[in-house]
Amino acid sequence: MRHASGVSFGPSPPPHLRTFVAVAEEQSFTRAAARLRIAQPPLSRQLQQLEAELGVTLIERGSRPARLTEPGRVLFEQAVQILDRVAEMRSIARRMTEARLGRFSIGFVASTLYGHLPAILRDFRAARPNTEITVLELTSIEQIAALKEGRIDVGFGRIPFEDPTITRLLLRNETMVAALPSGHRLLGKAGPLVLSDLLDDPLIVYPKSPRPSYADQVIALYRSRGLRPASLHEVRELQTALGLVAAGLGICLVPAAVERLQREGVAYRALDDALAISPIIMRHRGDDRSAELVLILDIIKAVYRREGITLGR
Ligand code: BEZ
């Protein structure tokens, strides 16, 4: 900025104001120069230029410690306020730029895609059109490592591991349903099935690794009821498990939302068992206070309200 007097204030904030405030606060040209990391001659020059610009003397020359003149005292308050405002402008601009260039990375286990994750992602993208969102399919264990390394900002998984640096929140307990091959004898049975109905069928579980996984939740369910399936077949992923069910090679237990995946050769039946549930757990770094994290949780709450789901149950 070039003023009528010909004094160049340069880009904001005016260095002359910083110099004036430093001399006034330090009560010393030497200490002010050290604080601003400049030599004393340019510091004195800047002060003189400011005094010429304003038409008043600000610091009593020759005084030790350096004292403010009467106009200097009045203008010191103004200078402090101007510098504070400039700092605030910078901070607002930085926050706006960060929000504009914002990135948010989400880790999820595949089965959450059959639940409310797509709606949550849609609403998040609508609320933050300028945030670059990345999604990564990761197992629950992989999500913890990815959170710690900063590769994701939030994770949606099913296995309740503890980690001191990671905060977890139970979003809801999703019921499991049985996936049976079309034409299976139990499809003729009225009402929900119980686990003991399924013992003659090979049980297909996923994912095979890493463990523990959703597979262990299903195995633990049988064990908790003192039951053993005819045989156990471990596969890498949900789609493989459903493919084998369609082929008539066994049955599997899947989170209820998977039922939306209407697949030829597979029929779903409800299970009458209070323990046949799989949690959906949200995780984030314990020290993350980002607006995006608050936003995604608000969106989840809104989606749950819409769907009549109670958070945490
Ligand atoms: C849900 O289906 O409830 C859900 C899935 C992923 C993220 C959040 C919620």
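In listed order, ligands and their atoms are each counted from 1.
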| message | What I want to know is whether H116 and ligand 1 share at least one N or O pair that is separated by under 3.5 angstrom. | response | yes
| Quick one: does Q49's side chain have a donor or acceptor within less than 3.5 Å of a partner on H16's backbone? | no
| task | Please work out whether the ring planes of Y206 and Y214 are parallel, tilted or perpendicular, with thresholds of 30° and 60°. | result | tilted
| task | Any atoms of ligand 1 less than 4.0 Å from a non-hydrogen atom of R172? List them with their elements. | result | 1 (C), 2 (O), 3 (O)
| request: Would you confirm whether S213, through its side chain, and P207, through its main-chain N or O, come within 3.5 Å as a donor-acceptor pair? | output: yes
| query | Considering only heavy atoms of I120, which atoms of ligand 1 have at least one such atom less than 4.0 Å away? | reply | 7 (C), 8 (C), 9 (C)
| query | Looking at L171, which atoms of ligand 1 are within less than 4.0 Å of one of its heavy atoms? | reply | 8 (C), 9 (C)
| Between R306 and D123, is the closest basic N to carboxylate O distance under 4.0 Å? | yes
| Charged N-O contact under 4.0 Å between E162 and R168 | yes
| Identity of the nearest option to atom 9 (C) of ligand 1, non-hydrogen atoms only, from F156, F108, Y114, Y304 | Y304
| Is ligand 1 under 4.0 Å from a heavy atom in the side chain of I280, in the backbone, in both, or in neither? | side chain
| query | Is the shortest side-chain N to carboxylate O distance from K148 to D163 below 4.0 Å? | reply | yes
| field | Mode of M282 contact toward ligand 1 - side chain, backbone, both, neither (heavy atoms, under 4.0 Å) | value | neither
| Can you list the ligand 1 atoms lying under 4.0 Å from a non-hydrogen atom of T112? | 5 (C), 6 (C)
